[in-house]
Engineer: 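Following this message is one structure expressed as structure tokens.
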Amino acid sequence: MKIGITGGIGSGKSYVCKRLARYGIKVYDCDAAAKRLIRTSPVIRQQLTALIGDDTYVDGQLNKAAVARFLLLSEENTKAIDTIVHPAVFRDFKESGMQWMESAIMYESGIYCLVDKVIVVTAPQEVRIQRVMQRDHISREKVLQWMQRQWSQEEVRQHADYEIINDGIADIDTQLNILIKKLII
């Protein structure tokens, strides 16, 4: 069985995935894979440079500021990058042989089609905003911009099979114990 873990920015899905390691569960990180593929794939490098411009890579490194500016300009720009990066991540996950994956944009990207069950990690919006502001050292407005690019937490919750509440109060390990028993038995 293939399991997907998702949740909006700042929900704590990466934290939940780290906790899963205690159970011997290794989780494929779609975001890390995308970054690795963007760095290492000559095809992706060529396609992104043609799309965004010559400043996409500076001294062989991805110019994150240029890519972020391009992404936030329009939904069409986001879709254009997605059509380059998402298929590569899909192939990479399939080739990895892993059963669990983490993706912030599980439904938006379409990668949910590769899994049998989806777990959503949720947290109150203000908690999520504060986490991202502290983690990324960005403004509240920038966090809200990124949040607006993703499905709402409620939309994702409605599509997911299971929920882990990561509000700083509910015990993550208790929730994981119950969930793993359901999924593995």
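Nothing here was measured: the structure is a model prediction, and the numbers come from that model. Along the sequence shown, the residues carry numbers beginning at 1.
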Engineer: Is there a side-chain contact between Val120 and Ile164, using heavy atoms and a 4.5 Å cut-off?
Structural biologist: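 With C-beta onward as the side chain, the pair stays apart.
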Engineer: Salt-bridged, Arg140 to Glu126, with N to O below 4.0 Å?
Structural biologist: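 Glu126 and Arg140: salt-bridged.
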Engineer: Quick one: closest heavy-atom pair of Val27 and Cys17, and the distance?
Structural biologist: CG1-SG, 3.7 Å
Engineer: For a quick test of reading the model, state the closest non-hydrogen atom pair linking Ile38 to Tyr57 and the distance between them.
Structural biologist: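 It is O-OH, 2.8 Å.
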Engineer: Assigning hydrophobic clusters by single linkage (Ile, Leu, Val, Met, Phe, Trp, Tyr; side-chain heavy-atom cutoff under 4.5 Å), is Tyr15 placed with Val121?
Structural biologist: yes
Engineer: Between Val118 and Met1, is there a shared hydrophobic cluster once you connect ILVMFWY residues whose side-chain heavy atoms come closer than 4.5 Å?
Structural biologist: no
Engineer: Look at Glu75 together with Arg149 and state whether they make a salt bridge at an N to O cut-off of under 4.0 Å.
Structural biologist: yes
Engineer: For residues Glu108 and Asp82, determine if any side-chain heavy atom of one lies less than 4.5 Å from a side-chain heavy atom of the other.
Structural biologist: no
Engineer: Assess the residue pair Tyr162 and Lys117 against the criterion (side chain to side chain contact (heavy atoms under 4.5 Å, CB included)); give the C-alpha distance rounded to whole Å, side-chain angles, the decisive distance to 0.1 Å, and a yes or no.
Structural biologist: CA-CA 8 Å; Tyr162 303 100; Lys117 298 289 181 186; 4.2 Å; yes
Engineer: Rounded to the nearest 0.5 Å, how far does OH of Tyr107 lie from CD of Gln150?
Structural biologist: 13.5 Å
Engineer: Would you check if the side chain of Gln130 reaches a backbone N or O of Val127 as a donor-acceptor pair within less than 3.5 Å?
Structural biologist: no
Engineer: Measure the shortest side-chain to side-chain distance between Ser139 and Met133 over non-hydrogen atoms and say whether it is less than 4.5 angstrom.
Structural biologist: no
Engineer: If hydrophobic clusters are built by linking Ile, Leu, Val, Met, Phe, Trp and Tyr wherever their side-chain heavy atoms come under 4.5 Å apart, do Val67 and Val132 end up in the same one?
Structural biologist: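 Yes; Val132 is reachable from Val67 via cluster members.
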Engineer: May I ask you to decide whether Glu76 forms a salt bridge with Lys79, counting only side-chain N to carboxylate O separations under 4.0 Å?
Structural biologist: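 A salt bridge is absent here (no side-chain N lies under 4.0 Å from a carboxylate O).
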Engineer: Taking the side chain as every heavy atom from C-beta outward, state whether Leu71 and Trp146 have any atom pair closer than 4.5 Å.
Structural biologist: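 Answer yes - side chains close enough.
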Engineer: Can you tell me how far the OG atom of Ser103 sits from the CZ atom of Phe93, to the nearest 0.5 Å?
Structural biologist: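 So the OG of Ser103 and the CZ of Phe93 are separated by 10.5 Å.
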Engineer: Going by distance alone, is a donor N or O of one side chain under 3.5 Å from an acceptor N or O of the other, for Asn177 and Thr174?
Structural biologist: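 Not at all, the side chains of Asn177 and Thr174 share no donor-acceptor pair under 3.5 Å.
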Engineer: What distance separates His159 NE2 from Thr6 OG1, expressed to the nearest 0.5 Å?
Structural biologist: 12.0 Å
Engineer: Main chain of Ala170, side chain of Asp167: is a donor-acceptor contact present, judged purely on distance under 3.5 Å?
Structural biologist: yes
Engineer: Give the intermediate values and the outcome of side chain to side chain donor-acceptor pair (under 3.5 Å) for residues Ser14 and Glu102.
Structural biologist: CA-CA 8 Å; Ser14 296; Glu102 170 193 355; 2.8 Å; yes
Engineer: Is the closest basic N to carboxylate O distance between Asp136 and Lys142 below 4.0 Å?
Structural biologist: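 Between Lys142 and Asp136 there is no salt bridge, as every charged N stays at least 4.0 Å from the carboxylate O atoms.
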Engineer: Please report the C-alpha distance between Gln148 and Val143 in whole Å, then the side-chain angles of each, then the deciding distance to 0.1 Å, and finally whether the side chain to side chain contact (heavy atoms under 4.5 Å, CB included) criterion is met.
Structural biologist: CA-CA 9 Å; Gln148 290 170 359; Val143 176; over 6 Å; no
Engineer: Decide side chain to side chain contact (heavy atoms under 4.5 Å, CB included) for Met106 and Trp151; before the verdict, give the C-alpha distance in whole Å, the side-chain angles of both, and the deciding distance to 0.1 Å.
Structural biologist: CA-CA 10 Å; Met106 180 83 52; Trp151 279 20; over 6 Å; no
Engineer: Can you get from Ile44 to Phe70 by hopping between Ile, Leu, Val, Met, Phe, Trp and Tyr side chains that sit under 4.5 Å apart?
Structural biologist: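 Ile44 and Phe70: one cluster.
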Engineer: For Lys13 and Gly7, indicate whether the former's side chain and the latter's backbone hold a donor-acceptor pair under 3.5 Å.
Structural biologist: yes
Engineer: So which atom in Thr49 and which in Thr56 form the shortest heavy-atom distance, rounded to 0.1 Å?
Structural biologist: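 Thr49 and Thr56 have their closest heavy atoms at CA-OG1, 3.8 Å.
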Engineer: From Ser41 OG over to Gln47 CD, what is the distance, rounded to the nearest 0.5 angstrom?
Structural biologist: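 The CD atom of Gln47 is 7.5 Å from OG of Ser41, to the nearest 0.5 Å.
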Engineer: So do Asp161 and Ile119 actually touch side chain to side chain, heavy atoms under 4.5 Å?
Structural biologist: no
Engineer: Is there a side-chain contact between Cys30 and Ile111 in this structure, where contact means two heavy atoms from C-beta onward sitting under 4.5 Å apart?
Structural biologist: yes
Engineer: More than 12 foreign heavy atoms under 6.0 Å from CD of Gln145: is that the case here?
Structural biologist: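 Yes.
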Engineer: Only one of Ile3, Leu20, Leu176 clears side chain to side chain contact (heavy atoms under 4.5 Å, CB included) with Ile25; which?
Structural biologist: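 That would be Leu20.
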Engineer: Could you walk me through whether Arg69 and Asp55 pass side chain to side chain contact (heavy atoms under 4.5 Å, CB included), step by step?
Structural biologist: CA-CA 12 Å; Arg69 276 193 306 275; Asp55 66 338; 3.9 Å; yes
Engineer: Working to the nearest 0.5 Å, report the span between CG of Asp171 and CD1 of Ile169.
Structural biologist: 12.0 Å
Engineer: Report yes if the side chains of Met101 and Val115 come closer than 4.5 Å at any heavy-atom pair, otherwise no.
Structural biologist: yes
Engineer: Which heavy atom in Arg135 sits nearest to a heavy atom in Ile9, and how many Å separate them?
Structural biologist: NH2-CG1, 3.8 Å
Engineer: For the backbone of Ala123 and the side chain of Asn166, can you confirm whether one donor and one acceptor N or O come within less than 3.5 Å of each other?
Structural biologist: no
Engineer: Between the side chain of Lys2 and the main-chain N/O of Met98, is any donor-acceptor distance below 3.5 Å?
Structural biologist: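 The answer is yes, because a donor-acceptor pair under 3.5 Å joins these two groups.
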Engineer: Please check: side-chain N/O of Arg45 versus main-chain N/O of Arg39, any donor-acceptor pairing under 3.5 Å?
Structural biologist: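 Yes, Arg45 side chain to Arg39 backbone: donor-acceptor pair under 3.5 Å.
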Engineer: Rounded to the nearest 0.5 Å, how far does CZ of Phe90 lie from CD of Glu95?
Structural biologist: 13.5 Å
Engineer: Is there a side chain to side chain donor-acceptor pair (under 3.5 Å) between Thr122 and Glu163? Walk through the geometry before answering.
Structural biologist: CA-CA 7 Å; Thr122 62; Glu163 179 180 14; 2.7 Å; yes
Engineer: Can you name the nearest heavy-atom pair linking Ala33 to Tyr28, along with the distance?
Structural biologist: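 Answer, listing the atom of Ala33 first, then Tyr28: CB-OH, 3.0 Å.
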Engineer: Indicate the atoms forming the closest heavy-atom contact of Ala66 with Ile52, along with that distance.
Structural biologist: O-CG2, 4.3 Å
Engineer: Do Leu73 and Thr78 have side chains that approach each other closer than 4.5 Å (heavy atoms only, starting at C-beta)?
Structural biologist: no
